[in-house]
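Notes follow the structure.
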Amino acid sequence: MNIPEPPSYAIGTAETPSSAGPTLTFLGTGAGCGVPAFFCECPACEEARRDPRAQRGDCGVLVRNAEATLIDTPPDLRHQLERESVRSVDRVLWTHCHFDHLGGLGELEYMVRLGGRPSLPCFASETARRGILTEFHYLDDILDFHDVAPFDTVAFDGVRYTALPVTHAAGTYGYLMETERGRTFYASDTGRLPAETAERVHGCETLILDATFWGRNWNPAAHHSVQEAIEEGLELDAGTIYLTHLAMHYNTPVTLAELKAHLAPYDDRVRVAADGLKVSI
């Protein structure tokens, strides 16, 4: 009997943008349950069912230059990477190990195993690393972990990443990204920033900040409301402020049109992040 050869798998590299430099893509911009949430029929979720522009997956970003770097691995990761035509991921940094920022890690397993790689470089706080390896213990042979202490800096592919503590679960970071163009700070889960972190990111060209709640913030120890994010961003003298980790139905539902109308007085300095949006950094 002739037994056919097993299929070969060609794992390509990420497409290289032109000489424009690094680009940040919002893979997802929603809080944990996404928008629409399958269990919710509020006006914001119903809007998202009618209009794809209002839909939000769980939070994560992709930084692309010659390579592809992920910040977080949200549960929607496979669909998000396919949407962005990503064929390979070179490394992962995690903000923390909550499910909505971690759950898609398993989607990267076969990229490594079938692609013949020895491992996938991974970066996180010691606390997050322990949580990740508890949840995904069966991947410990392919995850090449590097513990990142508060205020440590790692650099690759034209970007310097500094891990800055934020106000959330233990071991949670925001990442200050520095390139030849300037500074971008990404903090998808945080309440008001600790003083030393705020000092480090003051005056950054781009600030991407947690804005979970519309109306009353019933978890200020871990998140911002929309208005709190705006006010802190202005205090930090950020050039452009992007609101992310938007629940749209905490504490009061808000439609995308209503939210954009609320931001109109800020003359485009404050913007609503959107899934698939690309920003030069």
Side-chain angles (χ1 to χ4, degrees), residues 13-29 59-74 80-81 84-96 101 120-125 146 148-166 172-190 193-194 196-210 229 232-245 268-281:
T13 58
E15 294 179 8
T16 304
S18 66
S19 57
T23 299
L24 181 147
T25 301
F26 290 95
L27 296 177
T29 56
C59 266
V61 296
L62 170 73
V63 179
R64 296 179 92 171
N65 196 14
E67 300 172 347
T69 300
L70 286 177
I71 300 181
D72 289 339
T73 54
Q80 293 169 340
L81 293 179
E84 300 302 327
S85 300
V86 175
R87 299 291 173 256
S88 183
V89 171
D90 293 281
R91 65 192 61 82
V92 183
L93 291 77
W94 278 279
T95 59
H96 62 306
H101 297 260
L120 178 68
C122 298
F123 301 82
S125 68
H146 304 263
V148 182
F151 307 105
D152 276 0
T153 295
V154 293
F156 22 71
D157 197 30
V159 184
R160 286 167 45 89
Y161 298 82
T162 301
L164 299 180
V166 295
T172 302
Y173 293 145
Y175 286 100
L176 176 63
M177 292 168 268
E178 296 173 282
T179 71
E180 292 181 353
R181 285 200 191 98
R183 300 185 302 149
T184 298
F185 183 55
Y186 178 75
S188 58
D189 280 60
T190 186
L193 297 175
E196 188 168 354
T197 296
E199 182 179 351
R200 293 283 191 102
V201 304
H202 188 274
C204 61
E205 283 76 10
T206 305
L207 176 68
I208 304 167
L209 198 59
D210 174 314
E232 182 160 29
L234 295 176
E235 288 174 19
L236 293 171
D237 196 28
T240 303
I241 303 161
Y242 287 93
L243 307 179
T244 194
H245 205 269
D268 206 35
R269 185 178 178 187
V270 183
R271 305 177 185 180
V272 182
D275 293 18
L277 177 65
K278 294 174 173 56
V279 179
S280 294
I281 63 171

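Worth knowing before you read on, the calculation uses all heavy atoms, side chains too, and leaves out hydrogens, waters and symmetry mates. Being a predicted model, the structure only gives us computed values, none of them experimental.
Residue Leu120 holds its CG atom at 9.0 Å from OG of Ser88, rounded to the nearest 0.5 Å. Note that CD of Glu199 is 11.0 Å distant from CG of Leu164, once rounded to the nearest 0.5 Å. In this structure, the separation between CG on Asp210 and CD1 on Ile208 is 12.5 Å, given to the nearest 0.5 Å. How far CD of Glu205 is from OG of Ser280: 12.5 Å, rounded to the nearest 0.5 Å. Here the OG1 atom belonging to Thr197 is positioned 4.5 Å from the CZ atom belonging to Phe151, to the nearest 0.5 angstrom. We find the OG1-CG distance between Thr69 and Leu93 to be 7.0 Å, quoted to the nearest 0.5 Å.
Minimum interatomic distance between Val92 and Asp72 (heavy atoms only, all atoms of both residues): CG1-N, 4.4 Å. For the residue pair Gln80 and Pro74, the shortest heavy atom distance occurs at OE1-CG, 3.2 Å. When every heavy atom of Ile241 is checked against every heavy atom of Leu234, the shortest pair comes out as CD1-N, 3.8 Å. Across all non-hydrogen atoms, the minimal contact from Ala149 to Tyr173 is C-OH, 3.2 Å. The minimum heavy-atom distance between Cys204 and Phe185, with the atom names listed, is SG-CB, 4.3 Å. Of all the heavy atoms in Thr244 and Cys59, the pair that sits closest is OG1-SG, 3.5 Å.
Side-chain N or O atoms of Glu178 include none that pairs as donor or acceptor with a backbone N or O of Arg183 at under 3.5 Å. The main-chain N or O of Asp157 is found under 3.5 Å from a side-chain atom of Asn65 such that the two form a donor-acceptor pair. Under the 3.5 Å distance criterion, the side-chain polar atoms of Tyr175 are matched with a main-chain donor or acceptor of Trp94. Under a 3.5 Å cut-off, the side chain of Asp237 and the backbone N or O of His202 do not form any donor-acceptor pair. Without hydrogens or angle criteria, Asp275 side chain to Thr29 main chain gives a donor-acceptor distance under 3.5 Å.
In this structure, Arg160 places its CZ atom where only 12 or fewer heavy-atom neighbours from other residues, nucleotides or ligands lie under 6.0 Å away. Within a 6.0 Å sphere centred on CD of Glu235, other residues, nucleotides and ligands contribute more than 12 heavy atoms.
A 4.5 Å side-chain heavy-atom check between Phe26 and Val279 finds at least one atom pair inside the cut-off. Within the 4.5 Å cutoff, the side chain of Glu84 has heavy atoms near those of the Lys278 side chain. The shortest distance between side-chain heavy atoms of Leu277 and Tyr242 falls below 4.5 Å.
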Point to revise | Test log, rule side chain to side chain contact (heavy atoms under 4.5 Å, CB included), inputs Val61 and Leu27 | key: CA-CA 5 Å; Val61 296; Leu27 296 177; 5.6 Å; no
Review point. Stepwise, does the side chain to side chain contact (heavy atoms under 4.5 Å, CB included) test hold for Glu232 with Leu207?
Key: CA-CA 10 Å; Glu232 182 160 29; Leu207 176 68; 6.0 Å; no
Review point. Are Leu193 and Leu236 close enough, and set up right, to give a side chain to side chain contact (heavy atoms under 4.5 Å, CB included), and what steps lead you there?
Key: CA-CA 10 Å; Leu193 297 175; Leu236 293 171; 3.9 Å; yes
Point to revise | Residues Met177, Leu24; criterion side chain to side chain contact (heavy atoms under 4.5 Å, CB included); working and verdict | key: CA-CA 10 Å; Met177 292 168 268; Leu24 181 147; 3.8 Å; yes
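With His101 as the partner, the side chain to side chain donor-acceptor pair (under 3.5 Å) test is satisfied by one option alone out of Asp189, Thr172, Thr73: Asp189.
Phe123 has its ring centre less than 6.0 Å from the ring centre of Phe156.
There is a side-chain donor-acceptor pair under 3.5 Å between Thr162 and Thr153.
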